[in-house]
Chemist: 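I'd like to ask you about the structure that follows.
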Protein chains: 2
Amino acid sequence: MRAAGNNRSRISKLMLSDSVYARDPAPHLAAHVFAALGDATRLSLLTKLSDGQTRSISGLSADTNLTRQAITKHLHVLENAGLVISSKVGRESQFAFRPEPIAEVRAYLASVSQQWDDALARLRAFVER
Amino acid sequence: MRAAGNNRSRISKLMLSDSVYARDPAPHLAAHVFAALGDATRLSLLTKLSDGQTRSISGLSADTNLTRQAITKHLHVLENAGLVISSKVGRESQFAFRPEPIAEVRAYLASVSQQWDDALARLRAFVER
DNA sequence: CATAAATGCAACCTCCAGGTTGCGCTTAAT
DNA sequence: ATTAAGCGCAACCTGGAGGTTGCATTTATG
């Protein structure tokens, strides 16, 4: 059960611009982070935490109309993406923002934008009268 | 069926730093874009297209080991997120990269990073001997 | 005109992301 | 010593994401 000869119709009608060939900068790496950011609840949690203050689970659950356990799951997703770090203090576990993955993802987006800008520049140079 | 008195345990043990209160800059807006980026296949498609060249569906399906239809779905997800735009030319539909949402998302990440940096600066100033 | 290419559409399938409920355990608070 | 807060864990439920197959349609091609 693979692709039933459906794909691979025209291998590559043109191979141009291989000097600036479109590579895959950070494929798997960034996808997980993006996926973690791709949820409104998680995005909200992260935004709250990005002020540098550490918060407990129930602290983050308040004003959320979601269950504490739901928030807990979201926090674990964020933690697995490295966007947040937890540490138990007393009976409550405190969560803190972790900026590293953000930087990584920003770099990725910057590279994509750069590639796009370069393409535009090249096009403009070509059309140049 | 809501939260069964489970949440809302301690409303707010402290209300400090309300001057730099953590707002939600672009909650719903960005989430869709992030979600669209949160898939390795889609990320790969977008990276290919970010070189400015327009590609057909089967052109993008080649070398993917996924079905053409699967790729089509992914492309539609990207299109709904505004990351890509399609136009039919002849019997094939060409897809092109669209940078606007990327810029939007970059702005969001920049604001989060900024908020974090500000928090650090404030902390450092406080600890300052 | 007959055939192949490139898609669109729809039905289907499977799995897991998000959510909830219930319960037990540990750590404050009174 | 009790009681309440704050969590962790596990079972369960549901909808939609990601894929596939089959078939019809439109547009090139020889």
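The sequence lines fix the lettering, A, B, ..., with proteins before strands; numbering per chain opens at 1.
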Chemist: Check whether any side-chain N or O of T67(B) sits under 4.0 Å from OP1 or OP2 of dG19(D), and answer yes or no.
Modeler: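 Looking at the OP1 and OP2 atoms of dG19(D), neither is under 4.0 Å from any side-chain N or O of T67(B).
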Chemist: Parallel, tilted or perpendicular, judged at 30° and 60°: which one describes the rings of F97(B) and W116(A)?
Modeler: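 The rings of F97(B) and W116(A) sit tilted, inter-plane angle from 30° to 60°.
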Chemist: Does V127(A) form a side-chain contact (heavy atoms from CB on, under 4.5 Å) with L123(A)? I'd like the steps, not just the answer.
Modeler: CA-CA 6 Å; V127(A) 180; L123(A) 177 61; 4.1 Å; yes
Chemist: Tell whether R68(A) reaches the base of dG8(D) with its side chain through a donor-acceptor pair below 3.5 angstrom.
Modeler: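 Flag set: donor-acceptor pair detected.
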Chemist: Specify the residue among T41(A) and S93(B) whose closest nucleotide of DNA chain C lies further upstream toward the 5′ end.
Modeler: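 Whichever sits nearer the 5' end wins; that is S93(B).
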Chemist: Yes or no on side-chain contact (heavy atoms from CB on, under 4.5 Å) for L37(A) and R42(A), after CA distance, side-chain angles and deciding distance?
Modeler: CA-CA 6 Å; L37(A) 295 174; R42(A) 245 130 50 194; over 6 Å; no
Chemist: In whole angstroms, how far is the C1' atom of dC9(D) from the CD1 atom of I57(A)?
Modeler: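 Distance, rounded to whole Å: 13 Å.
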Chemist: Tell me: CG of L37(B) to C1' of dA17(D), nearest whole Å?
Modeler: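 Rounded to the whole Å, the gap is 16 Å.
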Chemist: Nearest-Å distance, CD (Q69(A)) to P (dT21(C))?
Modeler: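 Going from Q69(A) (CD) to dT21(C) (P), I get 9 Å.
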Chemist: Show me the protein contacts with nucleotides 12-18 of chain C, counting only N or O atoms at under 3.5 Å.
Modeler:
residue	atom	partner	partner atom	Å
dG18(C)	OP1	R42(A)	NH2	3.3
dG18(C)	OP2	R42(A)	NH1	2.8

Chemist: Looking at R98(A) and G82(A), would you say the former's side chain and the latter's main chain have a donor-acceptor pair under 3.5 Å?
Modeler: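 Yes, the answer is positive, given that a donor and an acceptor are paired below the 3.5 Å cut-off.
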Chemist: In terms of side-chain geometry, is the basic nitrogen of D63(B) or K48(B) positioned less than 4.0 Å from the acidic oxygen of its partner?
Modeler: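 Salt bridge between D63(B) and K48(B), a charged N being under 4.0 Å from a carboxylate O: yes.
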Chemist: Calculate the interatomic distance between H76(A) atom NE2 and dG19(C) atom P; express it in whole Å.
Modeler: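 One finds 15 Å between P of dG19(C) and NE2 of H76(A), rounded.
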Chemist: Does the side-chain contact (heavy atoms from CB on, under 4.5 Å) test come out yes or no for D51(B) and D118(A), once each step is laid out?
Modeler: CA-CA 8 Å; D51(B) 71 351; D118(A) 291 351; over 6 Å; no
Chemist: Go through the steps for Q94(B) and S87(B) under the test side chain to side chain donor-acceptor pair (under 3.5 Å), then give the verdict.
Modeler: CA-CA 5 Å; Q94(B) 296 288 337; S87(B) 59; over 6 Å; no
Chemist: Look at the side-chain N and O atoms of S58(B) and state whether any lies under 4.0 Å from the OP1 or OP2 oxygen of dT7(C).
Modeler: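 Checking dT7(C) against S58(B), a side-chain N or O does come within under 4.0 Å of OP1 or OP2.
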Chemist: Given atom NZ of K88(B) and atom P of dT26(D), what is their separation to the nearest angstrom?
Modeler: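 Taking NZ of K88(B) and P of dT26(D), I get 10 Å after rounding.
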Chemist: What is the distance, rounded to the nearest whole Å, between atom CZ of R91(A) and atom P of dT27(C)?
Modeler: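 To the nearest whole Å, that distance equals 11 Å.
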Chemist: Rounded to whole angstroms, how far apart are CD on E92(B) and C1' on dT25(D)?
Modeler: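 Checked: the CD to C1' distance equals 16 Å.
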Chemist: Using atom CG of N65(B) as one end and atom C1' of dT20(D) as the other, report the distance to the nearest whole Å.
Modeler: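 Result: 13 Å.
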